[in-house]
Every structure is written in structure tokens, then in C-alpha cells.
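For the numbers below, each heavy atom of this structure counts, side chains included, while hydrogens, waters and symmetry mates do not. By convention in this document, chain letters (A, B, ...) are assigned in the order of the sequence lines, proteins followed by strands, and residues within each chain are numbered from 1.
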Number of protein chains: 2
Amino acid sequence: MSIDGPEIGATGKRRRRVPEVARREALASARRLLITSGPTAVTLKAVGDEIGVTHANLIHHFGSAAGLQSALMESMVRDLTDALGAAVEQLRSNPGAPRALVDAVFDAFDQGGAGRLAAWIALSGDLQHLEPVRAAVRDLVDAICETFAAEGEQTHHRVTSAVLFIALYAFGDAVIGAPLRDMLDREDDAGRKIVARLLPTFLF
Amino acid sequence: MSIDGPEIGATGKRRRRVPEVARREALASARRLLITSGPTAVTLKAVGDEIGVTHANLIHHFGSAAGLQSALMESMVRDLTDALGAAVEQLRSNPGAPRALVDAVFDAFDQGGAGRLAAWIALSGDLQHLEPVRAAVRDLVDAICETFAAEGEQTHHRVTSAVLFIALYAFGDAVIGAPLRDMLDREDDAGRKIVARLLPTFLF
DNA sequence: CCATCTATTGACATTGATGTAACTTACATG
DNA sequence: CATGTAAGTTACATCAATGTCAATAGATGG
């Protein structure tokens, strides 16, 4: 098995990191643990073992275990808002390409881990961590509204319906899409196809 | 503060339950804790305090903490499959009423707690507990296919798309629908309206 | 080379969840 | 009323996660 490789002992010396690097490595490890093994796997010991530091060192950098979890949520929420911002740009530069928009949002929720993050936040009740998402969502709504401004006064209502539609669906697909598609014998991108086909229903 | 009130001592005597009653009370309490406070709140002590027994007594009835969790998952999965079965009956007796079908599925995921349950199972990786759902989902697909058998050879594909659509959406709505609707200033049943409106797109 | 700063560690304490064993007592049955 | 079964409790042990603190050791400036 070759457990406990000489993670630090390879050189026999400690590896001293700049705080920013230490935090970044820890958060990357924590995200990997969250996505692959669930929220209960994100512990100080597990993260420390992955990046070769002790749990006390993580407390030194994040203040507490809750501080690490909070920083992880902030990090992933920032990535999600960035992805939504990129989706806005993608839409502005190339409107009328629903599949590209759908892929951008679905990838953020699936591979970016936003789906599992949102589920974790919702189950644990830490809803305040979702607050930065509010602005990103409203930017997305505004961008879509501008693109389809000619549609009349019902535009805002239709656009919020579209955003609610794609976000809820992408979230559901990221968290339980795989087993559900397996039950139905459907292909991996069945959900994306459906959303891409229905999205014009809202916008046109 | 008046800690440790005479929980049992109110009568001065123990309350002896038949095993089936003890298990039912414990599972009801565990479900309430899961829905209101998340998976980490479902502990032997928390459940025991709610129903007035010790944590050792719960181990006596369920074998272990994992046994209680497993029984909770089974109980909630059974309720979900029952709800899906009822949706099948509802559809057979009154086809062409998408909102009623949508409400039945959404209520199962939201008020029944199936949404939080599914998120918990997905995050923790205990996918085998979803196995009983497979049969219920396939029954639902078959029932819808029979109802719309005249639609041609693409029927099965369209029906599985519809089931995937409503299930993923109901799940997403149950777990993160409330904060998302708040961000978008949308009404509580916005998701249900959207699904009810789009469902005929698949079936007709 | 020396001194200072601080990232890092090791050892220890604490807490909560879980598990085990022996004892108690409610209840049914003779 | 006597008795056996099992629901229920008490007391204790264990383990993992978290937290605290003094000591160690890289890095950098003088």
C-alpha cells in the first residue's frame, strides 16, 4: 500500500509557505474532499494530511475549523459568481446560442462543485454564505433583459423564470442527475439537452 | 435555568413502548431533525432527547447510529415511492391535469423531505439506499407511456425526458428553491407554475 | 554571524458522538 | 402472586475532531 509516504520527510525539513499559498492549497484540498467524499470528509486532519501539514497549522491559518469551512464556501461562491459573470459575457457576445449558456452554467454546478456546495449550504442552514450570489444572479437577469429588451413589458418576468429554470435544473442535475439518469437509461447530457431545448420557450 | 427537567420523572415512571412504536417515534423525530436542522443534527442524543429516551435505548432498537440513519433513509425512500405511486394513480384517473401531478411530486420532495433526503444521500455517497426508487420511477414511466401510447415510437424517450425534468426540478426546488426565489423576487410557487406549463411540451 | 519574526510542529486538553455491559423495572403470563 | 422477557436506564469506555500552547525551525534583515 505504501501508506504515509515521506510527505515532509522527503527532504527531512519543513516546508514553509507564504500564508496565501498555504490557504490556497488548503482550500483546493478541502474542495476536492467536499466534492469527492461529502461535507463530513472536510476535516482539519483530512485536509492537513492531503497537503502535508498538521491540523494545528490549519487552525493557525484559518482560526478554526468553522473558519476553514467558511473560507471554502466563500471560495466556491466566488467561483460560481465568476462563472455566472462569464455566462453573461458569453450571452452578450453571442446571443441565441442556448447550448453554450447551458453548458457554462451546468459545468459551474457540476465540475466546479457549486451544486454540492449549494446542497451543503442549504442542508446546514448557512444561507448567509449565498448572499454574494444574489448580485451575480441579478446581473445575469439584467444582462438577459437587455439582450431581449424588445420583447415587451413581460420581459423581466420571463427572464427570471428562465434563470430560475436553468439554475434549479443545473443544481439538481449536478447533485442527483447521475443516479437518476441511470434509473431512466438516459445519456449523460440528457439534462443539458432538455434545458437547451426549452430555454428559447422563455426568451422568445 | 431549570436544566434536566424531570423528562421521564414527570410521572416518576418509565414509559415502556412496544418496539414498533419506539422505532416509529424515533424515525419521526429523526426526520424532523433532518429536515429542520440538517444531517449533522440527527444524532442519538438529539433524537433521544426529543422522544424522551436515552441514546443507549436507540442503540438497543436500531443496533447502531448507522442503523438509525439507514432506517431513516429507508423510511423516507418508502414515503417517496408511495408518493410516486400515488402520482401514477392520479395521472391514470385524471390525465391532462399537469398541475395536480406537479403538486404531488413537488410536495413529496418539499414537505415530505425527499429533497433533503436525496441531497443527504448524494452528498454522503450512500447511493444504494436509492435503489428502491428505481422501480417506482420505472413504474411512473410505464404508467405515463400507457396513457400516451398513441404518440408514436418516440414516446418512451419523451416520457423519460419528462420524468427527468420534473424530478430534477422538484428536487432543486425543494433544496434551494426558497433562497433562489427570494433572490429573483419570485412567488413561492413560481417553480411549480413553470414545470406545469412546460410538462405538456414533453407529452403532447 | 546574529537577531527577529512567524510558519510549523508536537504534546496535551476538551468536547461530543458512539458503543458496551450490568443493572432496573414495566408488563404479560402462569 | 411469582416469574421471565425485554424495554429502558446508568455508568463507563472509546474515538475522532477540535482547540491550546510552548517549543522548533525556516526566512530575512542587520
Side-chain angles (χ1 to χ4, degrees), chain A residues 3-27 29-30 33-34 37-73 120 123-124 126, chain B residues 3-30 33-34 37-73 120 124 126:
Chain A
I3 308 290
D4 68 17
E7 296 152 323
I8 316 171
T11 67
K13 296 181 176 183
R14 296 181 181 176
R15 173 176 163 208
R16 190 187 176 100
R17 292 163 245 235
V18 169
E20 188 216 331
V21 175
R23 287 176 59 96
R24 185 170 50 227
E25 287 185 21
L27 290 178
S29 166
L33 285 168
L34 170 65
S37 306
T40 61
V42 183
T43 95
L44 296 178
K45 182 176 189 314
V47 173
D49 286 349
E50 271 209 345
I51 65 176
V53 300
T54 62
H55 82 275
N57 186 23
L58 293 173
I59 294 182
H60 170 72
H61 284 293
F62 293 96
S64 66
L68 170 61
Q69 294 174 3
S70 190
L72 174 60
M73 289 184 183
W120 177 30
L123 289 184
S124 64
D126 288 349
Chain B
I3 308 291
D4 68 17
E7 296 154 324
I8 317 170
T11 66
K13 294 182 177 184
R14 296 180 182 176
R15 175 178 162 207
R16 189 186 178 100
R17 304 139 158 85
V18 169
E20 188 217 331
V21 175
R23 289 176 60 96
R24 185 169 52 227
E25 287 186 21
L27 290 178
S29 167
L33 284 168
L34 170 66
S37 307
T40 62
V42 183
T43 77
L44 296 177
K45 181 176 190 312
V47 173
D49 285 349
E50 271 210 346
I51 66 175
V53 300
T54 62
H55 82 275
N57 186 25
L58 293 173
I59 294 182
H60 170 71
H61 283 295
F62 293 95
S64 67
L68 170 61
Q69 293 173 3
S70 190
L72 174 60
M73 289 184 184
W120 177 29
S124 64
D126 288 349

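- To the nearest angstrom, C1' of C:dT6 lies 17 Å from CD of A:Glu20.
- Distance from the side chain of A:Thr54 is smallest to C:dG10 among D:dT9, C:dG10, D:dG19.
- When the P atom of D:dT14 is taken as reference, atom NE2 of B:His55 falls 15 Å away, rounded to whole Å.
- Counting only heavy atoms from C-beta on, B:Lys45 has its side chain closest to C:dA17 among D:dT18, C:dA17, C:dT24.
- Which of C:dT25, D:dA11, C:dT8 sits closest to the side chain of B:Arg16 comes down to C:dT25.
- Per the geometry, CG belonging to A:Leu58 stands 13 Å off P belonging to C:dA7, to the nearest Å.
- Between the side chain of A:Arg14 and the base of C:dT8 there is at least one donor-acceptor pair of N/O atoms closer than 3.5 Å.
- Atom OG1 of B:Thr40 is separated from atom CG of A:Leu123 by 9.0 Å, given to the nearest 0.5 angstrom.
- D:dA17 atom P lies 18 Å from atom CZ of A:Phe62, rounded to whole Å.
- Here the NZ-CD distance, from A:Lys45 to A:Glu50, works out to 11.5 Å after rounding to the nearest 0.5 Å.
- In this structure, B:His60 reaches the D:dA7 phosphate: one of its side-chain N or O atoms is under 4.0 Å from OP1 or OP2.
- Atom CZ of residue B:Arg14 and atom CG of residue B:Asn57 lie 9.5 Å apart, to the nearest 0.5 angstrom.
- If you measure from atom CZ of B:Arg15 to atom P of D:dT9, you get 11 Å, rounded to the nearest angstrom.
- Counting to the nearest Å, the C1' atom of D:dA17 and the CG atom of A:Leu33 are 15 Å from each other.
- With sequence neighbours left out, A:Arg16 forms a salt bridge (charged side-chain N to carboxylate O under 4.0 Å, His left out) with no residue at all.
- For the OP1/OP2 pair of C:dT8 and a distance below 4.0 Å, the side-chain nitrogens and oxygens of A:His61 include at least one atom meeting the criterion.
- Counting to the nearest Å, the P atom of C:dT15 and the CG atom of A:Leu44 are 18 Å from each other.
- The side chain of A:Asn57 contributes no N or O atom lying less than 4.0 Å from OP1 or OP2 of C:dA7.
- Nearest to the side-chain atoms of B:Ile59 among the listed nucleotides D:dG8, C:dA7, C:dT20 stands C:dT20.
- Toward the 5' end of DNA chain D, the nearer of the two residues B:Val18 and B:Ala56, judged by each one's closest nucleotide, is B:Val18.
- The side chain of A:Arg17 contributes an N or O atom lying less than 4.0 Å from OP1 or OP2 of C:dT8.
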